[in-house]
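Worksheet for the structure shown next.
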Amino acid sequence: MASTQFHQGALRILRPHYLDESGQVCYVMVNPGGAYLGADLYVIDVEVGDGAKLLFTTQSATKIYRTPGSFAEQRMTLRLGEGAQLELAPDQLIAYREASYRQNTLITLTPSSSLVMAEVITPGWSPDGASFRYEELRLRTEIHVEAGGGTELLALDNLLIRPSLNDVTGMGFMEGRSHLGSLVVVDSRVDQALADELHALSAGHDAFTGVSLTASLGGTRGLVLRSLSDSTEELNRLLGACTALLRGQWYGQAPLDLRKY
């Protein structure tokens with residue numbers, strides 16, 4: 001359970017609960033307003049203490065509606081202590097017609113921390129049925145590792161989808177697909193064998209998938225899986241299978257079942 005907890009403005013945090021006997025606490029973030037709008041700024045700050053285990057999720061999809069005049073923005077800071085475990089599993093991000101959104105995530109962890117972060121991006125409904133009617137999605141993630149008395153950059157991921165200026169549907173970008181799934185893992189147990197195992201697992205899904213590894217830093221390493229599909233459900237199945245493998249092998253936990261529906 002959280003030692004301190006605070007919320008103000010649009011976002012709310014529900015009371016903690018536990019999905020199994022592992023000791024991992026689950027917190028759910030709620031947006032009673034239903035969506036992000038133009039000029040909205042949401043700030044999320046999470047610290048997982050030494051040895052603590054947290055599952056952080058959302059109650060429903062994050063929806064970005066039309067943002068005339070200015071973009072909507074989310075700034076998230078995550079800090080993981082020694083031996084801390086964080087599983088970040090939000091529902092999908094949906095960008096609707098004429099939406100512009102920026103998401104900045106700053107993560108600081110130790111070599112003994114464990115991070116599993118999954119995310120799906122999908123276009124929302126538009127009158128003509130086209131997939132890419134939003135203006136811009138800009139998602140930037142920085143991951144730093146505390147090592148040698150300071151912090152060093154392990155990975156920097158800067159994703160920019162701007163359909164209004166570029167054709168994002170073709171080869172080398174979305175490859176004819178409309179939905180994007182990402183899995184980011186940082187743990188001392190990450191290696192090439194795990195990358196190969198996750199890549200083999202992805203072969204059973206209707207999606208184009210690639211897996212890459214970061215360099216080792218302070219005894220830990222990162223893994224990034226990216227997948228393209230035309231279905232939120234297919235990407236959720238793929239990411240769910242990948243996280244289930246990690247939960248079983250590393251933590252001795254059953255596949256994640258949030259029972260939201």
Side-chain angles (χ1 to χ4, degrees), residues 14 17 19-20 22 24 26-31 34-36 44 54-64 74 76 78 85-96 99 101 103 105 114-126 131-132 134 137 139 141 157 159 161 168 173-187 194-195 197-212 223-251 253-261:
L14 300 184
H17 59 282
L19 302 181
D20 55 32
S22 68
Q24 182 188 44
C26 177
Y27 277 91
V28 180
M29 184 173 67
V30 179
N31 182 359
Y36 289 11
I44 303 163
L54 170 64
L55 169 62
F56 193 60
T57 185
T58 56
Q59 185 185 45
S60 60
T62 299
K63 300 175 182 177
I64 317 298
Q74 175 180 292
M76 176 181 284
L78 306 172
Q85 174 188 325
L86 172 61
E87 192 170 353
L88 191 64
D91 279 15
Q92 66 268 24
L93 171 69
I94 307 177
Y96 287 86
Y101 175 67
Q103 177 176 297
T105 304
S114 182
L115 170 71
V116 178
M117 180 169 64
E119 187 169 39
V120 173
I121 299 172
T122 173
W125 177 88
S126 62
S131 294
F132 296 100
Y134 53 83
L137 291 180
L139 285 74
T141 301
D157 184 46
L159 173 66
I161 306 177
V168 301
F173 210 105
M174 295 296 289
E175 300 282 352
R177 302 299 180 101
S178 56
H179 295 51
L180 171 67
S182 298
L183 177 70
V184 177
V185 181
V186 181
D187 192 285
L194 176 64
E197 191 171 7
L198 292 180
H199 190 267
L201 183 62
S202 72
H205 296 265
D206 182 17
F208 296 141
T209 303
V211 183
S212 58
L223 176 149
V224 178
L225 179 147
R226 276 273 165 75
S227 192
L228 301 173
S229 182
D230 289 317
S231 164
T232 298
E233 291 74 18
E234 188 66 20
L235 290 177
N236 282 336
R237 281 192 290 269
L238 169 57
L239 297 180
C242 292
T243 57
L245 185 150
L246 298 175
R247 286 170 63 87
Q249 289 187 0
W250 289 356
Y251 313 135
Q253 293 176 265
L256 187 61
D257 181 8
L258 293 171
R259 301 187 295 276
K260 296 181 184 179
Y261 311 109

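Throughout, numbering of the chain's residues begins at 1 and tracks the sequence.
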> What is the minimum heavy-atom distance between L239 and A118, and which atoms define it?
Replying inline: CD1-CB, 4.1 Å
> Rounded to the nearest 0.5 Å, what separation is found between the OG atom of S60 and the CE atom of M29?
Replying inline: 9.5 Å
>> Please give me the minimum heavy-atom distance between A207 and L238, naming the atom from each residue.
In response: CB-CD2, 4.4 Å
> Any side-chain heavy-atom pair from L180 and L228 closer than 4.5 angstrom?
Replying inline: yes
> Given the rule in the side-chain hydrogen bond (donor to acceptor under 3.5 Å, both in side chains) test, do Q85 and Y251 qualify, once you have shown the distances and angles that lead to the verdict?
Replying inline: CA-CA 10 Å; Q85 174 188 325; Y251 313 135; 4.7 Å; no
> Looking at side-chain heavy atoms only, is the closest gap between T209 and L225 below 4.5 Å?
Replying inline: yes
>> Any heavy-atom pair between the side chains of N236 and V120 that's under 4.5 Å?
In response: yes
>> Taking the basic N atoms (NZ, or NE/NH1/NH2) and the acidic carboxylate oxygens, is any pair closer than 4.0 Å for R237 and D206?
In response: no
>> Out of the candidates V116, L78, T57, L54, only one should pair with L88 under the side chain to side chain contact (heavy atoms under 4.5 Å, CB included) rule; please name it.
In response: L78
> Any idea which heavy atoms bring M76 and F56 closest together, and the distance?
Replying inline: CE-CE2, 4.3 Å
> Stepwise, does the side chain to side chain contact (heavy atoms under 4.5 Å, CB included) test hold for T232 with I94?
Replying inline: CA-CA 10 Å; T232 298; I94 307 177; over 6 Å; no
>> Applying ring-ring contact (aromatic ring centres under 6.0 Å, His included), can you list everything that pairs with Y96, at least two apart in sequence or on another chain?
In response: Y65
>> I need the minimum non-hydrogen distance between Y134 and I161, along with the two atoms involved.
In response: OH-CG2, 3.4 Å
>> A side-chain contact here means heavy atoms from C-beta on lying under 4.5 Å apart; do T141 and V184 qualify?
In response: no
> Distance from L245 atom CG to L194 atom CG, nearest 0.5 Å?
Replying inline: 7.0 Å
> Hey, mind stepping through L258 and L55 against side chain to side chain contact (heavy atoms under 4.5 Å, CB included) and telling me if it holds?
Replying inline: CA-CA 10 Å; L258 293 171; L55 169 62; 3.7 Å; yes
> Do S229 and H179 have a side chain donor and acceptor closer than 3.5 Å?
Replying inline: no
> Is there a side-chain contact between L137 and L159, using heavy atoms and a 4.5 Å cut-off?
Replying inline: no
>> Treating S114 as the side-chain partner and D187 as the backbone partner, does any N or O pair qualify as donor plus acceptor under 3.5 Å?
In response: no
> Rounded to the nearest 0.5 Å, what separation is found between the OG atom of S227 and the CG atom of L198?
Replying inline: 11.5 Å
>> Does W250 form a side chain to side chain contact (heavy atoms under 4.5 Å, CB included) with V185? I'd like the steps, not just the answer.
In response: CA-CA 12 Å; W250 289 356; V185 181; 3.7 Å; yes
> Taking side chain as C-beta onward, heavy atoms only, is H17 less than 4.5 Å from V28?
Replying inline: yes
> Quick one: OG1 on T62 to CG on L93, what's the gap to the nearest 0.5 Å?
Replying inline: 6.0 Å
> Which atom names give the shortest non-hydrogen contact between S22 and Q253, and what distance separates them?
Replying inline: OG-NE2, 3.1 Å
> Where do E87 and L246 land on the side chain to side chain contact (heavy atoms under 4.5 Å, CB included) test, with the steps shown first?
Replying inline: CA-CA 11 Å; E87 192 170 353; L246 298 175; over 6 Å; no
> Under the side-chain hydrogen bond (donor to acceptor under 3.5 Å, both in side chains) criterion, do Q103 and E119 qualify, and how do the steps go?
Replying inline: CA-CA 12 Å; Q103 177 176 297; E119 187 169 39; 3.1 Å; yes
> So which heavy atom on L183 is nearest to which on C242, and how close?
Replying inline: CD2-CB, 3.7 Å
> Any donor-acceptor pair under 3.5 Å linking the side chain of D230 with the backbone of R177?
Replying inline: no
> Side chains of Q92 and L235: closer than 4.5 Å at any heavy-atom pair?
Replying inline: no
>> Rounded at 0.5 Å granularity, tell me how far CG in L256 sits from CG in L19.
In response: 6.5 Å
